[in-house]
Amino acid sequence: MSLAATPTVRPGAVLADLLPTVEGGRARALVRDAALVLGGAAFTGLAAQLAVPIPGSPVPVTGQTLAALLVGTALGARRGVASLGLYLLAGLAGVPWFTGGTSGTGATFGYVVGFVLAAGLVGALARRGADRGALRTAGAMALGQLAIYAVGVPWLAVSLHVSLAQAASLGLYPFLIGDALKIALAMGLLPAAWKLVRHKDA
């Protein structure tokens with residue numbers, strides 16, 4: 001299997017589209033997409049093991065939120081949703097790659113569902129160039145975080161039999177500073193990746 005040159009940056013491209021194209025037709029391109037989807041799920045599962053407990057909260061600080069947003073942005077909406085959907089379904093089936101090596105549903109499962117929605121959202125925004133500048137990246141990541149909390153916090157409330165306000169106190173407010181740091185990291189990583197691509201393409 002031979003690789004062609006890295007394609008020229010075009011409008012509507014995401015970072016994964018800039019990988020060297022595979023000669024041999026659509027079948028091999030599908031294999032490459034499948035590998036990207038699996039790799040994104042595995043990356044999220046690995047990042048989920050980086051967990052720091054928060055006293056008094058059942059929700060730890062983990063690396064999986066940033067991983068899910070980066071996967072969605074880099075792969076685009078279609079592959080991003082497929083990747084995080086695979087992460088979710090495999091975890092439901094028993095693969096121990098949710099936070100702390102767990103699987104199945106629990107109080108924090110709503111956040112995993114939110115990852116799928118967030119991947120689709122940030123992937124769609126990336127198609128519109130939202131990851132090519134620092135401020136636009138910050139906006140896209142913030143919207144992705146909101147999508148995660150929009151599912152995760154209500155699920156937490158139902159699971160723990162508490163009010164939405166109490167769930168927000170347990171599973172949203174303690175994480176805002178960490179979320180800001182993750183957004184700042186993405187603001188550096190994603191535009192830098194695009195600058196590197198443009199430099200190579202020049």
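Everything numeric in this text was worked out from a predicted model, so none of it was measured.
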- [ ] Kindly give the heavy-atom pair with the smallest separation between Ser159 and Gly106, and that separation in Å.
- [x] OG-O, 4.0 Å
Task: Beyond-backbone contact of Leu143 with Val122, side-chain heavy atoms, under 4.5 angstrom - done: no
Task: Residues that Val71 engages under side chain to side chain contact (heavy atoms under 4.5 Å, CB included), provided they are two or more places apart - done: Phe43, Thr44, Leu75, Ser83, Leu84
Open item on the list: If hydrophobic clusters are built from ILVMFWY residues whose side chains come within less than 4.5 Å, do Met187 and Leu146 share one?
Closed with: no
Task: Over all atoms of both residues, closest heavy-atom pair of Thr62 and Ala51 - done: CG2-CB, 3.9 Å
Open item on the list: I'd like to know if the side chain of Arg132 and the backbone of Trp194 have a donor-acceptor N/O pair within less than 3.5 Å.
Closed with: no
TODO: With sequence neighbours left out, write down each residue that passes side chain to side chain donor-acceptor pair (under 3.5 Å) with Gln166, or none if nothing qualifies.
DONE: Ser163
Task: Counterpart residues, side chain to side chain contact (heavy atoms under 4.5 Å, CB included), relative to Ala77 (two or more places apart) - done: Ala124
TODO: Starting at CZ of Arg32, measure out to CG of Leu19 and round the result to the nearest 0.5 Å.
DONE: 5.5 Å
Open item on the list: Could you report the tightest heavy-atom contact between Val153 and Gly171, atom names first, then the distance?
Closed with: CG2-O, 4.2 Å
Open item on the list: Are Leu92 and Val37 connected into the same hydrophobic cluster when the rule is that any two of I, L, V, M, F, W, Y join if their side-chain heavy atoms are below 4.5 Å apart?
Closed with: no
Task: Closest heavy-atom pair and its distance - Ala130, Ala140 - done: CB-CB, 4.0 Å
Open item on the list: Do Leu121 and Val14 land in one hydrophobic cluster if side-chain heavy atoms of ILVMFWY residues count as linked below 4.5 Å?
Closed with: no
TODO: For residues 94-118, pull every pair meeting salt bridge (Lys or Arg N to Asp or Glu O under 4.0 Å), keeping only residues two or more places apart or in separate chains.
DONE: none
Open item on the list: Once side chain to side chain contact (heavy atoms under 4.5 Å, CB included) is applied, do any residues pair with Leu160, and if so which ones, sequence neighbours excluded?
Closed with: Pro58, Ala107, Leu156, Val162, Leu170
Task: Atom pair CG (Leu70) and OG1 (Thr65), whose distance is rounded to the nearest 0.5 Å - done: 10.5 Å
Task: Partners meeting side chain to side chain contact (heavy atoms under 4.5 Å, CB included) with Leu185 (sequence neighbours left out) - done: Leu66, Leu189
TODO: Just grab all the salt bridge (Lys or Arg N to Asp or Glu O under 4.0 Å) pairs involving residues 77-87, residues at least two apart or on different chains.
DONE: Asp17-Arg79, Asp33-Arg78, Asp33-Arg79
Open item on the list: Can you give me the closest heavy-atom contact between Gly91 and Ser103, atom names plus distance?
Closed with: O-CB, 3.1 Å
TODO: Would you please test Arg136 and Leu125 for side-chain contact (heavy atoms from CB on, under 4.5 Å) and show each step?
DONE: CA-CA 9 Å; Arg136 287 180 294 172; Leu125 292 172; over 6 Å; no
Open item on the list: Suppose the criterion is ring pair (Phe, Tyr, Trp, His ring centres under 6.0 Å): which pairs have a residue in residues 51-75, not counting sequence neighbours?
Closed with: none
Open item on the list: Tell me which pairs pass ring pair (Phe, Tyr, Trp, His ring centres under 6.0 Å) where either residue lies in residues 99-152, with sequence neighbours left out.
Closed with: Phe109-Trp155
Task: Min side-chain heavy-atom separation Leu88-Val113 under 4.5 Å - done: yes
Open item on the list: Quick check: closest heavy atoms across Ala16 and Leu36, and the distance to 0.1 Å?
Closed with: CB-CD1, 4.1 Å
Task: Linked, directly or transitively: Ile54 and Val52 (ILVMFWY side chains, under 4.5 Å) - done: yes
Open item on the list: With ring pair (Phe, Tyr, Trp, His ring centres under 6.0 Å) as the rule and sequence neighbours excluded, what pairs involving residues 80-106 come up?
Closed with: Tyr87-Trp97, Tyr87-Phe98
Open item on the list: The criterion is side chain to side chain donor-acceptor pair (under 3.5 Å); which residues satisfy it with Thr99, sequence neighbours excluded?
Closed with: Gln64
Open item on the list: Count I, L, V, M, F, W, Y as connected when their side-chain heavy atoms are under 4.5 Å apart, and connections chain through other members. Are Tyr173 and Ile183 then in the same cluster?
Closed with: yes
Task: Selection residues 88-109 - residue pairs positive for salt bridge (Lys or Arg N to Asp or Glu O under 4.0 Å), sequence neighbours left out - done: none
Open item on the list: Is there a side-chain contact between Thr73 and Met141 in this structure, where contact means two heavy atoms from C-beta onward sitting under 4.5 Å apart?
Closed with: yes
